[in-house]
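Reckoned from all heavy atoms, side chains included, excluding hydrogens, waters and symmetry mates. Keep in mind that this is a model prediction, so the values were computed, not measured.
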Protein chains: 2
Amino acid sequence: MTNIRDLAHEANVSVTTVSRVLNDHPYVAKEKRRAVKAAIEKLGYIRNQTAVHLSIGQTKTIGVMLPFVDHPYHAAILQGIAKSAFEKTYRFLTWQTNYVEEHERTVLRALAQREVDGLIIVSHSLPTADILSYEQYGPIVFCELHEAVSAVYINHYSAFRKGLMELQRLGHTNIGICLGRSDSTNSLARKQAYHDFVEQASNDWVYEQTLTIEDGARVAARWLKQKQRPSAILTASDHVAAGLILELRKQGYRIPEDLSVIGFDGSDLAEVLSMTTISIPYDVIGQQAFSLVTRQDAATVRQIEIPSTLISGLTAQNVHPVH
Amino acid sequence: MTNIRDLAHEANVSVTTVSRVLNDHPYVAKEKRRAVKAAIEKLGYIRNQTAVHLSIGQTKTIGVMLPFVDHPYHAAILQGIAKSAFEKTYRFLTWQTNYVEEHERTVLRALAQREVDGLIIVSHSLPTADILSYEQYGPIVFCELHEAVSAVYINHYSAFRKGLMELQRLGHTNIGICLGRSDSTNSLARKQAYHDFVEQASNDWVYEQTLTIEDGARVAARWLKQKQRPSAILTASDHVAAGLILELRKQGYRIPEDLSVIGFDGSDLAEVLSMTTISIPYDVIGQQAFSLVTRQDAATVRQIEIPSTLISGLTAQNVHPVH
DNA sequence: GCTTGCAGTGAAACGCGTTCCATAGTTTAA
DNA sequence: TTAAACTATGGAACGCGTTTCACTGCAAGC
């Protein structure tokens with residue numbers, strides 16, 4: 001593999017001059033610049049990026065920690081990161097953690113070992129403080145809101161409020177909610193919104209640990225068994241909503257007549273089912289997170305709220321619709 | 001930042017010995033090993049991976065080129081890669097190309113610049129030969145079948161055959177197909193299967209350039225306008241099938257009574273719509289591709305076929321069903 | 001005419017871990 | 001007893017691009 005010294009020899013200049021040519025530094029005479037370029041051509045030289053990285057002390061790479069790369073909304077965040085990174089000629093490494101703490105530690109270790117210049121934490125299960133102890137090695141940006149950390153986040157409290165208000169506007173008073181991971185920051189905010197805005201809030205109508213389509217079907221089963229049923233359910237993901245809707249339809253119930261359902265995410269799934277959902281621009285989250293983690297004053301805590309939008313579909317309607 | 005030389009000094013040994021300790025080399029006396037570990041502890045030393053990479057001439061990182069990270073089946077492949085990479089303590093860089101050739105070139109350049117040890121090409125638009133000219137810089141594995149390249153692939157000819165046979169088994173003779181990108185390897189194989197196995201194959205019933213849900217709706221519109229309509233359509237993606245199904249239902253048509261539809265991918269979408277589909281284990285593709293690109297004799301061309309499975313749903317049925 | 005100041009250039013140090021090779025003390029096998 | 005085979009250890013080179021610093025010419029400023 002030919003290197004910068006071979007080029008210097010071939011072009012009869014110093015390695016410094018070769019480096020200047022490679023980096024478009026102005027202080028190089030036309031002659032020499034031409035000679036170096038000729039040498040590059042002749043020897044088929046290609047820059048070794050690893051050497052550049054070692055030399056400049058940066059990898060121009062950021063790391064992304066997320067639980068699952070193939071969940072639609074994580075993938076959408078990734079998409080936003082990919083787009084921004086490409087534009088800024090940055091690279092990104094992805095780690096799928098499955099919420100396993102030891103895996104998350106691997107990611108943090110990678111930051112400490114300078115494999116990446118900074119980290120975007122899409123979601124995590126390690127205590128936030130543990131993660132922050134690695135901030136000394138590089139900027140860390142979260143996609144969930146925590147105190148005193150840089151974050152690009154959805155205000156789940158107000159997003160959920162939006163859904164709850166919509167259901168009340170439609171005349172519902174008996175409203176239930178589906179939540180994801182029990183004690184995640186997001187779930188807590190959602191539960192708070194539920195209790196703050198729904199008069200008849202009841203723990204019987206809080207369906208926890210719902211993440212997948214199957215979980216949605218499980219909610220349906222539980223709903224069917226209840227004597228006191230909510231007339232509307234606000235979910236925390238389109239997947240859960242889809243599972244719920246489809247299972248109930250399979251059992252002969254009508255959506256929204258028998259149960260109004262609102263999804264969350266604004267995914268393809270919601271579109272396909274003409275679902276009422278709360279849409280989140282996940283790609284924008286990725287883009288903003290990238291720009292935060294690569295900004296100059298990355299040490300400064302900065303928080304960016306991303307707006308959510310209620311999209312009306314056909315799965316939520318008035319309690320007593322006019323026929 | 002403390003480095004290996006600081007450690008050597010602190011522990012009163014040579015850098016060689018420190019390196020040996022770091023790499024668990026056996027030829028180190030217990031005493032010295034302990035001394036080095038104490039120094040590591042005391043100085044808070046953390047290995048600089050970039051230096052390791054430069055030194056060993058490898059990055060233990062592979063690159064992944066794909067058009068879109070947020071399309072379900074690409075994400076599923078990514079998931080498989082992520083899993084395997086994690087297990088083997090490899091990293092992976094992802095590039096989203098949007099099928100833009102210049103972007104694809106960026107990825108190839110990254111291989112040449114030794115940013116990655118090898119490349120997994122999930123899908124591409126550059127000529128295969130152009131890509132192969134970079135094989136001198138590291139192993140390249142495709143997720144589509146080409147001659148003389150290492151690949152992990154779906155036999156789209158036989159997969160499509162499976163779908164077409166199923167439709168014929170149900171009594172259909174007027175069968176149409178939806179294809180993705182016009183001249184992609186996959187589309188050609190599918191078209192071939194169509195002409196080989198469907199007696200009444202007609203170009204009027206080949207709907208090209210269908211990739212998204214919206215494209216599926218467009219197919220519906222075109223189908224509606226045709227005087228001679230197929231009674232069944234085999235698509236190349238669940239998304240397209242979903243768009244087609246939902247648009248027709250919206251127009252008052254019944255699926256499968258008025259049109260049998262078979263999807264492709266085995267995605268969540270298919271499950272949600274109880275769609276008949278041809279399921280592909282995309283995560284396995286990712287895993288196998290990873291294992292090919294990192295194997296010792298990566299230079300040897302190796303091809304692995306991944307099996308597809310027909311999953312019966314409710315969107316395809318007999319032409320004249322018995323009521 | 002003399003001081004600044006900028007263009008142009010290169011030697012050498014730097015970032016940092018790995019590894020080749022030489023050296024020396026021990027064992028083990030013959 | 002002696003040669004062969006280990007075990008231990010470190011100096012120095014290596015992988016390779018960037019950057020600091022010193023230095024030479026020249027031209028502009030006063």
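- Put simply, Tyr27(B) has no side-chain N or O that comes within less than 4.0 Å of OP1 or OP2 on dG25(C).
- Rounded to whole Å, the distance from CG on Leu7(A) to C1' on dG17(D) is 11 Å.
- Distance NE2 (His25(A)) to P (dG17(D)): 18 Å, rounded to an integer number of Å.
- Relative to the ring axis of Tyr99(A), Arg181(A) places its NZ or CZ within 45° and under 6.0 Å from the centre.
- Taking side-chain N and O atoms only, Lys32(B) has a distance below 4.0 Å to OP1 or OP2 of dG10(D).
- Applying the 4.0 Å criterion to OP1 and OP2 of dG10(D), one finds that Ser14(B) has a side-chain N or O inside that range.
- Checked by distance alone, Arg47(B) brings no side-chain donor or acceptor within 3.5 Å of a matching partner on the base of dG17(C).
- Using a 4.5 Å heavy-atom cutoff, the side chains of Gln58(B) and His53(B) are not in contact.
- Asp6(A) places its CG atom 13 Å from the C1' atom of dG17(D), with the value rounded to the nearest Å.
- The nearest whole Å value for the distance from the CD1 atom in Ile40(A) to the C1' atom in dG17(D) is 13 Å.
- Heavy-atom distances to DNA chain C give each of Leu54(A) and Ala29(A) a nearest nucleotide, and the one nearer the 5′ end belongs to Ala29(A).
- The base of dG8(C) is not paired with the side chain of Arg20(A) by any donor and acceptor separated by under 3.5 Å.
- For the residue pair Ser125(B)/Glu104(B), the side-chain donor-acceptor check at 3.5 Å is satisfied.
- Of the candidates dA12(C), dG15(D), dC16(D), dA12(C) carries the atom nearest the Val15(A) side chain, counting heavy atoms from C-beta on.
- Ring planes of His25(B) and Tyr27(B): perpendicular class, angle over 60° (limits at 30 and 60°).
- Between Phe290(A) and Tyr90(A), the angle of the ring planes goes over 60°, which puts this pair in the perpendicular group of the 30/60° scheme.
- Atom CG of Asn12(A) is separated from atom P of dA11(C) by 11 Å (rounded to the nearest Å).
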| field | ring-ring contact (aromatic ring centres under 6.0 Å, His included) evaluation trace for His124(A) with His146(A) | value | CA-CA 12 Å; His124(A) 61 98; His146(A) 298 293; 5.1 Å; yes

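- Taking atom CG of Asp24(A) as the reference point, atom P of dG8(C) lies 15 Å away to the nearest angstrom.
- Of the candidate nucleotides dT18(D), dT9(D), dT9(C), dT9(C) has the atom nearest to the side chain of Val28(A).
- Among dT18(D), dT9(C), dG17(C), the nucleotide with an atom closest to any side-chain atom of Val52(A) is dT18(D).
- For dA8(D), its base never sits under 3.5 Å from the side chain of Thr17(B) at any donor and acceptor pair.
- Atom CG of Leu22(A) and atom C1' of dG10(C) are 16 Å apart (whole Å).
- For Ile4(A) and Pro26(B), each mapped to the nucleotide of DNA chain D holding its nearest heavy atom, the one lying further toward the 5' end belongs to Pro26(B).
- Put simply, the side chain of Ser19(A) and the base of dT19(D) share no donor and acceptor less than 3.5 Å apart.
- Among the heavy atoms of the strands, none lies under 4.0 Å from Val18(A).
- In this structure, CZ of Arg114(B) is placed 8 Å from P of dG17(D), rounded to the nearest angstrom.
- Between the side chain of Thr16(B) and the base of dG11(D), a donor-acceptor pair under 3.5 Å is found.
- At the phosphate of dT18(D), OP1 or OP2 sits under 4.0 Å from a side-chain N or O atom of Asn23(A).
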